Amino acid sequence: MRSKLTFALSFLAGVVLGVVLLAGDARAQQPASTADPQKPADKQDQTGPYTVSSSIELGVRAIAINGNANKYRSDLNYTPGFRIFDSSLLMQAKEGEGFLFDKLLVSSFGWGIGGGDHRGNDPNRLLRVNAEEAGVYRFDVNYRRFDYFNSLTNLALNQHTANTEYRQGDFDLVILPNNQKFRLNLGYSLNRNSGPATTTYDYQRDEYPVLAPTRIAADDYRIGFDSKLGMFDISFLQGWRTYREDTTYLVDVPNIGNNPLNTSKLTTFHRDLPTRGTSPYTRFSLHTFLAKRLDFTGRYIYSSGNTKYSLFETATGVDGSGNNIILETGQISGNAKRPHGMGDLGATLFINDSFRISETFRVDRFRISGGQELFDTLIRTRSTGAALPPVLLDQFNFRTTNYRRYLNLFEGDYDISRRFSVHLGYRFTDRHIELGVSDFAAGGTPAPELDKFDNQTNSIIVGFKAKPARIWSLYFDLEHGGADNVFTRVSNYDFTNVRVRSILRPTRTLTINASLTTRNNNNPTVTEDTPPKNFGSDIKTRVFSTSADWTPNEKYSLSGGYTYAHVVSEATIVFFTGGVRTDGVSRYFMKDSFAFLTGYWQVLPRLGVYAGYRIHHDPGQGDRVSQPAVIIGSFPYQFQSPEAKFVVKVSNRVDWIAGYQYFDYQETFPNLQRYEAHLPYTSVRFYFGHRQ
């Protein structure tokens with residue numbers, strides 16, 4: 001009832017405001033008595049050293065939700081209330097009259113009006129600032145906030161939830177931006193995530209939901225330069241990245257876990273896991289173009305990541321055998337390092353105006369090494385009260401990963417004619433991995449194990465660009481070969497990727513696009529059984545997309561499109577039924593269709609109308625059903641969203657906007673994750689200064 005009342009009152013307030021503005025404009029429109037009739041209207045705004053153009057859109061959004069509000073917030077998370085939908089300020093200096101800056105642009109969208117609760121804002125908010133003084137500096141700021149909400153009944157029994165806020169910002173300053181000899185670059189970036197969350201904790205053969213208030217922060221500082229020294233373009237960047245996490249895990253009430261049939265229980269639990277990380281990095285690049293024939297680029301990047309962490313955990317309760325856990329404490333201190341260097345050299349030789357060949361060689365190396373000490377103490381008593389001997393564990397764990405990868409790519413491009421060109425390429429990679437493991441108790445003797453793995457991949461690249469007619473462009477690309485994975489020792493993926501794209505422009509106002517992408521990925525892994533068994537996976541992806549854009553004039557525009565994504569995967573799996581191993585197959589199906597249609601119509605000189613409709617539909621596996629050794633999976637759903645908006649030009653300085661969005665989400669699963677959301681909104685945009 002309260003949400004519906006807020007819905008009605010908020011929207012009514014905006015509509016009344018718009019009507020009042022329209023009524024005010026109905027009066028006789030006369031030029032201001034202070035205006036100079038001898039002066040053009042635009043020039044009357046150019047007072048002082050700057051020409052100012054500004055606008056702000058103030059409004060209100062109302063919301064009514066039928067169904068699962070948590071699923072709606074996990075998808076969209078728009079909230080009702082007054083806010084600044086959009087704002088912009090542009091100040092441009094008159095020639096030679098600027099002070100501190102020649103141009104300043106400030107824009108924003110999605111921010112709430114008043115109050116400190118972030119729920120009064122849009123879930124995505126942006127503030128952008130661009131300032132510059134010609135030839136002296138350029139300063140760019142992008143600051144963003146995202147409200148992340150997640151509460152899904154089909155994920156981990158709805159025990160992995162979050163209601164956090166991300167804050168991200170980039171601040172970049174360029175000194176002497178137009179100087180080809182030397183340009184100084186300074187930068188800073190921040191990343192924050194904080195707020196309440198929940199997760200699960202495995203303990204004593206059961207799983208328990210626990211609170212996990214999140215606190216994560218990262219900062220990045222940068223300094224570098226771009227320079228031209230003789231025939232070489234040089235770029236250098238030095239950065240320092242810091243990371244810290246102070247998320248805490250705890251239960252605030254006794255917890256019997258997700259399995260109420262066993263005896264285990266978690267009465268108290270608290271875990272602190274403070275983590276600190278640093279990663280200085282360096283990037284250097286060199287470029288030159290010799291004799292207008294040879295384009296050469298070299299680049300080297302080096303970083304050295306260091307992470308330190310500690311853990312302190314306490315728990316009390318009952319174990320899986322019915323014994324009382326008086327106190328269990330765990331302590332861990334550990335660290336890890338990851339020096340990483342990557343260098344590549346690239347050269348393109350222009351044989352003539354029609355033929356080009358290029359060569360790229362890359363070396364990628366890193367080493368991950370880390371260790372930790374675990375000390376755990378468990379004090380228990382039997383259910384009768386008799387004490388049990390304490391259990392003590394003091395153990396050291398060390399891990400190393402050495403990775404080296406060479407990559408060589410050779411390509412050639414040949415323009416057969418002005419309407420047809422082809423390209424051919426070959427890529428080779430050689431990978432070497434060493435994995436080291438060493439686990440031993442305090443006072444014991446280390447027994448390190450070293451596992452080595454080598455492999456190579458080969459891929460071919462073929463494609464062409466064609467222009468069969470003046471109005472038609474056609475592109476084709478094919479890539480076939482093997483792909484390796486950095487951190488796993490499984491066999492390479494054999495893949496075949498094909499992409500075809502067509503662009504047709506029958507008239508100056510109409511463009512028709514169509515594309516088809518196919519991907520076949522196969523992982524031919526076999527087990528070490530006798531005889532060997534297939535244990536791989538096979539994934540086939542087909543994506544077809546088409547769209548059309550028609551803009552006959554400034555009064556009309558129409559756009560529409562359709563995308564069909566068909567994915568089928570099959571993987572061999574092993575599962576146990578009643579303690580008996582069973583070899584089976586897991587198959588997943590996706591058949592997602594997405595269509596959209598949007599249009600704009602300038603109905604009257606003072607009235608513009610926008611309308612759009614979008615729909616996703618995936619029937620999933622259809623009538624396929626799982627069998628004892630075959631598991632069928634899919635995610636059938638439908639999501640549609642029509643929208644309409646009209647803009648009334650109340651005066652040269654005021655626009656009145658009113659619109660409506662509808663979201664309808666449906667799943668075929670019996671988990672009640674369905675909702676309908678009505679989002680009407682109305683706003684007024686004011687223009688100040690020079691009207692662009």
Side-chain angles (χ1 to χ4, degrees), residues 297 299 301 340-349 355-366 401-416 420-435 451-466 474-502 515-527 532-545 565-572 587-588 590:
T297 301
R299 182 183 61 167
I301 301 174
H340 182 193
M342 183 185 73
D344 52 27
L345 301 174
T348 299
L349 179 62
F355 186 35
R356 302 168 298 280
I357 59 174
S358 60
E359 165 72 18
T360 302
F361 179 75
R362 174 176 297 171
V363 179
D364 193 2
R365 289 178 177 269
F366 65 80
T401 299
N402 290 315
Y403 178 85
R404 187 270 300 151
R405 183 171 182 254
Y406 298 138
L407 179 146
N408 192 81
L409 174 63
F410 182 81
E411 295 179 289
D413 295 86
Y414 184 62
D415 300 329
I416 298 176
F420 189 77
S421 63
V422 297
H423 62 270
L424 178 67
Y426 170 73
R427 181 173 58 238
F428 171 78
T429 67
D430 180 89
R431 179 180 63 155
H432 175 75
I433 298 176
E434 295 181 358
L435 301 178
D451 196 1
K452 298 182 180 181
F453 180 73
D454 292 275
N455 77 298
Q456 294 81 34
T457 66
N458 299 272
S459 304
I460 60 170
I461 303 168
V462 180
F464 68 80
K465 294 186 294 184
L474 186 64
Y475 304 86
F476 172 83
D477 292 286
L478 179 146
E479 187 173 3
H480 174 75
D484 49 29
N485 188 289
V486 172
F487 291 106
T488 61
R489 293 171 293 152
V490 297
S491 301
N492 299 324
Y493 274 92
D494 297 329
F495 69 90
T496 302
N497 298 336
V498 177
R499 185 187 67 169
V500 181
R501 185 184 179 192
S502 170
S515 66
L516 173 65
T517 302
T518 70
R519 296 187 179 93
N520 293 342
N521 294 296
N522 177 260
N523 178 214
T525 303
V526 295
T527 67
K533 297 180 181 179
N534 176 48
F535 201 69
S537 61
D538 189 53
I539 304 173
K540 291 183 172 61
T541 303
R542 307 288 183 266
V543 180
F544 171 75
S545 180
H566 186 186
V567 180
V568 178
S569 70
E570 179 173 312
T572 305
R587 296 192 179 106
Y588 187 85
M590 183 182 78

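Note that the coordinates shown come from a computational prediction; the quantities given were computed from them, not determined experimentally.
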Practice prompt. List for me each residue that meets side-chain contact (heavy atoms from CB on, under 4.5 Å) alongside D413, sequence neighbours excluded, and say none if there are none.
Written response: R356, H423
Response to the item:
Residues passing the side-chain contact (heavy atoms from CB on, under 4.5 Å) test with Y426, sequence neighbours excluded, are F428, N458, I460
Worksheet item: Taking side chain as C-beta onward, heavy atoms only, is R405 less than 4.5 Å from M342?
Response: no
Shortest non-hydrogen separation from [X] to [Y] and the atoms involved:
| X | Y | value |
| --- | --- | --- |
| F495 | S459 | CZ-OG, 3.8 Å |
| K540 | D538 | NZ-OD2, 2.7 Å |
| S421 | D415 | CB-OD1, 3.1 Å |
| N520 | N497 | N-OD1, 4.2 Å |

Practice prompt. Can you sort out the partners of R519 under salt bridge (charged side-chain N to carboxylate O under 4.0 Å, His left out), two or more places apart, ordered by chain and number?
Written response: none
Item to complete: Give a yes or no on this: more than 12 heavy atoms of other residues, nucleotides or ligands lie within 6.0 Å of atom CZ of R499.
Response: no
Worksheet item: To the nearest 0.5 Å, what is the distance between OG (S515) and OH (Y475)?
Response: 12.5 Å
Worksheet item: Would a distance-only check, ignoring hydrogens and angles, find a side-chain to backbone donor-acceptor pair under 3.5 Å from R404 to D430?
Response: yes
Worksheet item: In terms of the angle between their ring planes, are F355 and Y414 parallel, tilted or perpendicular, with boundaries placed at 30° and 60°?
Response: perpendicular
Practice prompt. Apply side-chain hydrogen bond (donor to acceptor under 3.5 Å, both in side chains) to the pair D364 and H340, showing each step before the final yes or no.
Written response: CA-CA 8 Å; D364 193 2; H340 182 193; 2.5 Å; yes
Fill in: Candidate list N408, L407, D344, test side chain to side chain contact (heavy atoms under 4.5 Å, CB included), partner F361, passing option
N408
Worksheet item: For T429 and T457, what are the C-alpha separation, side-chain angles and deciding distance, and is it a side-chain hydrogen bond (donor to acceptor under 3.5 Å, both in side chains)?
Response: CA-CA 5 Å; T429 67; T457 66; 2.2 Å; yes
